[in-house]
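Remarks on the structure that follows.
Ligands are counted one by one from 1 in listed order, and the atoms in each one are counted from 1 as well.
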Amino acid sequence: MQVLIKTYGCQMNSYDSEAMFNILREKFSAQATDSVELADLVILNTCSIREKAEEKVFSELGRWRKQKEKNPDLIVGVTGCVASQEGESIIKRAPVVDFVLGPQTIHRLGDMVSKHRKKPQKQVDVSFPAIEKFDHLPKPRPSGVNSYVSIMEGCNKYCSFCIVPYTRGEEVSRPFKDVIKEVVALAENGVKEVNLLGQNVNDYYGQLDDGVGDLALLIHYVSAIEGIERIRFTTSHPNAFTRELAQAYAEEPKLVSHLHFPVQSGSDRILTAMKRGYGASEYLDKIAMIKEARPNIAFSSDFIVGFPGETEHDFQQTMDLIDKVQFDVSFSFIYSPRPGTPAASLEDNTPLSVKKERLALLQEKLLHYSTMHAHSMKGKTFPVLIEGMDRKTRKFLQGRTENNRVVLVPGQRNYIGSVINVDITEICANTLRGRVNNLSTKQPMEEFCEATEI
Ligand code: SAH
Ligand code: F3S
């Protein structure tokens with residue numbers, strides 16, 4: 001079975017796509033293909049966070065319809081948040097679709113495909129059977145030195161603009177034991193960096209044998225796992241960011257000096273209308289608390305411009321907040337009304353042209369600070385996790401700094417999978433260049449093997 005899975009949206013979707021592929025590989029010895037012409041099964045793992053993401057679903061399905069006319073045996077599935085939101089109406093609008101599967105039931109994918117192969121039929125499953133999903137997913141098979149680990153699902157925050165609580169359901173945390181087992185298995189297979197995932201990851205409260213533990217405790221446990229060198233977690237909600245979690249930055253050197261910490265807006269009035277539950281000064285207090293524990297930490301954020309009722313003054317307050325925090329590489333979006341969310345029924349008088357201008361100004365400011373961060377790295381030494389050889393020339397080692405910058409370094413292949421200290425020598429548009437620091441404390445795992453020194 002040749003399978004093509006096309007993924008849109010967040011890291012959670014990437015995790016789910018990988019899990020779906022593992023199911024198909026175990027059950028049908030499936031292989032991955034990039035070509036829809038060669039595929040026996042195509043799956044669109046969708047995102048509905050903004051209108052644009054949703055529009056892509058039906059244009060892609062239009063292309064796949066043509067392929068199904070040529071190959072009537074082709075099985076077409078839609079998964080992810082659009083599946084969850086639209087359910088069987090997807091099949092009505094795009095009859096090319098054979099099955100619709102919500103994000104909480106992807107573990108039933110194998111059975112659905114088997115059923116279809118026995119007797120072609122339309123199937124829809126967008127139910128929310130709590131944590132069952134993780135109990136039935138095959139063990140992840142890492143293909144590199146870093147891996148996502150989903151530790152909780154769903155969101156109870158109900159920010160007024162956001163569709164996630166409706167498509168991914170209530171917050172459910174995986175028990176400690178399950179997460180630890182997964183990370184140990186990943187470490188045994190060469191993974192050095194884990195990214196603990198949740199829509200609202202710092203609301204993680206996992207079952208322990210004798211009670212419940214929070215994300216700070218989980219980080220201490222994961223830090224103790226041999227082989228794991230780096231820990232990230234996304235996405236944090238400022239309100240749920242506790243003192244204990246900030247303290248983990250002081251105690252656990254494996255936690256990276258980078259945090260994605262979405263603020264959305266710098267205006268208290270807009271933050272209230274968004275139902276974020278904090279104001280600009282509370283956000284800045286959290287930043288100060290985290291910096292106290294890890295002074296050199298870099299922050300990135302998400303911003304929404306043009307939320308209903310946003311005035312020029314509100315927008316200026318967002319710009320001021322960016323000046324205060326000086327964010328590293330961040331994401332920014334024009335507000336997109338999502339059907340069924342409270343904000344979708346708010347009056348919105350700001351013309352799109354004004355929203356676009358605001359977005360351009362905001363992105364210019366963000367670029368100013370992210371460039372400043374990159375330039376401030378020149379001449380300094382940073383730990384870099386070497387992930388492989390660079391894709392273009394295959395001559396340089398390619399790795400990442402803790403603040404997610406790609407670095408190219410001349411060196412030997414046996415550094416792959418190690419965290420080494422790199423002196424940053426050059427700042428290019430999308431990458432940094434560097435050389436291995438001579439006083440690097442971490443040596444490569446083996447002495448010289450097939451050296452490709454350049
Ligand atoms: N759980 C995360 C965010 C999930 S969605 C949090 O706590 O912030 C990722 C980002 O998409 C959000 O941070 C927000 O900036 C953006 N987003 C969500 N809904 C949106 C909408 N309706 N219009 C525009 N951007 C939106
Ligand atoms: Fe969305 Fe807010 Fe949750 S942005 S994912 S409702 S924290």
Side-chain angles (χ1 to χ4, degrees), residues 8-16 46-55 80-82 84-85 103-104 148 150-173 195-204 215 232-242 245 259-267 270-278 282-283 286 299-310 315 318 321-322 327 329-346 348 350 352 355-356 358-359 362-363 366:
Y8 292 103
C10 63
Q11 292 146 326
M12 203 67 96
N13 261 11
S14 304
Y15 181 89
D16 285 350
T46 60
C47 170
S48 60
I49 199 81
R50 283 168 292 275
E51 203 180 345
K52 252 200 194 133
E54 213 179 312
E55 278 165 6
C81 286
V82 179
S84 169
Q85 204 181 330
Q104 303 308 328
Y148 295 127
S150 182
I151 64 166
M152 57 92 69
E153 285 257 355
C155 182
N156 297 349
K157 290 268 191 272
Y158 292 91
C159 302
S160 65
F161 54 83
C162 184
I163 196 84
V164 169
Y166 309 93
T167 58
R168 293 247 168 200
E170 294 273 292
E171 285 171 9
V172 195
S173 295
N195 192 340
L196 308 175
L197 289 185
Q199 292 297 345
N200 196 6
V201 75
N202 43 356
D203 263 338
Y204 172 84
L215 179 61
R232 302 178 186 273
F233 56 92
T234 32
T235 302
S236 300
H237 189 288
N239 257 14
F241 210 101
T242 60
L245 189 52
L259 178 67
H260 188 59
F261 203 45
V263 65
Q264 314 299 355
S265 167
S267 151
I270 295 297
L271 287 168
T272 304
M274 288 177 164
K275 279 191 57 210
R276 289 290 288 181
Y278 55 84
E282 279 107 355
Y283 179 80
K286 295 270 172 160
F299 294 93
S300 61
S301 180
D302 294 343
F303 299 90
I304 296 179
V305 299
F307 187 81
E310 184 190 71
F315 175 66
T318 304
L321 185 106
I322 298 176
F327 292 98
V329 182
S330 294
F331 302 94
S332 48
F333 318 96
I334 288 180
Y335 167 71
S336 167
R338 304 284 62 219
T341 60
S345 52
L346 294 175
D348 186 1
T350 316
L352 184 60
K355 295 185 180 189
K356 283 187 174 164
R358 286 182 192 163
L359 184 70
L362 184 131
Q363 290 184 336
L366 288 174

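- In this structure, Arg168 has no heavy atom closer than 4.0 Å to ligand 2.
- Proximity of a side-chain donor or acceptor of Lys355 to a complementary backbone N or O of Gly306 within less than 3.5 Å is detected.
- Of all atoms in ligand 1, listed by their number and element, those nearer than 4.0 Å to a heavy atom of Arg338 are 22 (N).
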Original post:
Given Leu215 and Ile151, is the side chain to side chain contact (heavy atoms under 4.5 Å, CB included) satisfied, shown in steps?
Top reply: CA-CA 9 Å; Leu215 179 61; Ile151 64 166; 3.8 Å; yes

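- The closest side-chain heavy-atom distance from Lys275 to Lys157 is not below 4.5 Å.
- In summary, Arg338 and Glu54 engage in a salt bridge, as defined by a charged side-chain N under 4.0 Å from a carboxylate O.
- Among the atoms of His237, no N, O or S atom falls under 2.8 Å of atom 3 (Fe) of ligand 2.
- Contacts between Thr341 and ligand 1, counted as non-hydrogen atom pairs separated by less than 4.0 Å, are absent for every part of the residue.
- Every atom of ligand 2 with a heavy atom of Phe161 under 4.0 Å away is listed here by number and element: 4 (S).
- Counting heavy atoms from C-beta on, the side chains of Leu197 and Thr234 come closer than 4.5 Å.
- No N or O atom of Ser236 sits closer than 3.5 Å to an N or O atom of ligand 1.
- Shortest contact from atom 5 (S) of ligand 1 to any protein heavy atom: Ile49 CD1, 3.4 Å.
- Nearest protein heavy-atom neighbour of atom 7 (O) of ligand 1: Arg276 NH1, 3.7 Å.
- When only interatomic distances are considered, the shortest N/O to N/O separation between Asp302 and ligand 1 falls below 3.5 Å.
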Subject >> Test side chain to side chain contact (heavy atoms under 4.5 Å, CB included) applied to Met12 and Ser150, step by step >> reply: CA-CA 7 Å; Met12 203 67 96; Ser150 182; 3.7 Å; yes

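- Every atom of ligand 2 with a heavy atom of Pro165 under 4.0 Å away is listed here by number and element: 6 (S).
- Asp302 contributes no side-chain N or O that, together with a main-chain N or O of Pro262, makes up a donor-acceptor pair within less than 3.5 Å.
- Residue-to-ligand polar distances place Gln264 within reach of ligand 1: an N/O pair is separated by less than 3.5 Å.
- Between Ser48 and Thr167, some side-chain heavy-atom pair lies under the 4.5 Å cut-off.
- Annotation for ligand 2: atoms under 4.0 Å from non-hydrogen atoms of Cys162 are 1 (Fe), 4 (S), 5 (S), 6 (S).
- Listed by atom number, the atoms of ligand 1 under 4.0 Å from Pro262 heavy atoms are 8 (O).
- Shown here, atom 14 (C) of ligand 1 is in close reach of the protein: a heavy atom of it lies under 4.0 Å off.
- Between Phe303 and Phe327, the gap from one ring centroid to the other is short of 6.0 Å.
- Thr350 has its side chain out of reach of Pro308: every pair of non-hydrogen atoms, C-beta onward, lies at least 4.5 Å apart.
- Considering both main-chain and side-chain atoms, Gln199 comes within under 3.5 Å of ligand 1 through a nitrogen or oxygen pair.
- Between Phe307 and Tyr335, the ring planes are perpendicular. Angles over 60° get that label, and only those under 30° would be called parallel.
- Proximity of Tyr158 to ligand 2, defined as any heavy-atom pair under 4.0 Å, is confined to the backbone N, CA, C and O atoms.
- Residue contact annotation: Cys159 places an N/O/S atom under 2.8 Å from atom 2 (Fe) of ligand 2.
- Put simply, part of Ile304 is less than 4.0 Å from ligand 1, judged by heavy atoms.
- The heavy atom nearest to atom 24 (C) of ligand 1, considering only Asn239, Asp203, Ile334, is found in Ile334.
- In this structure, Phe331 and His260 have perpendicular ring planes: the angle between them is above 60°, well past the 30° mark.
- Of the possible polar contacts, none joining the Ser265 side chain to the Leu271 backbone as a donor-acceptor pair under 3.5 Å is found.
- With Asp203, Asp302, Val164, Asn156 as candidates, the residue nearest to atom 5 (S) of ligand 2 on a non-hydrogen basis is Val164.
- Close N/O approach between Phe161 and ligand 1 is found [any backbone or side-chain N/O within under 3.5 Å].
- The closest protein non-hydrogen atom to atom 3 (Fe) of ligand 2 is Cys155 SG, 2.3 Å.
- Below 3.5 Å of separation, one finds an N or O of Ser336 facing an N or O of ligand 1.
- For the pair Glu51 (side chain) and Ser336 (backbone), a donor-acceptor distance under 3.5 Å is absent.
- Interface atoms of ligand 1 facing Arg50, defined by a heavy-atom separation under 4.0 Å, are 11 (O), 16 (C), 17 (N), 23 (N), 24 (C), 25 (N), 26 (C).
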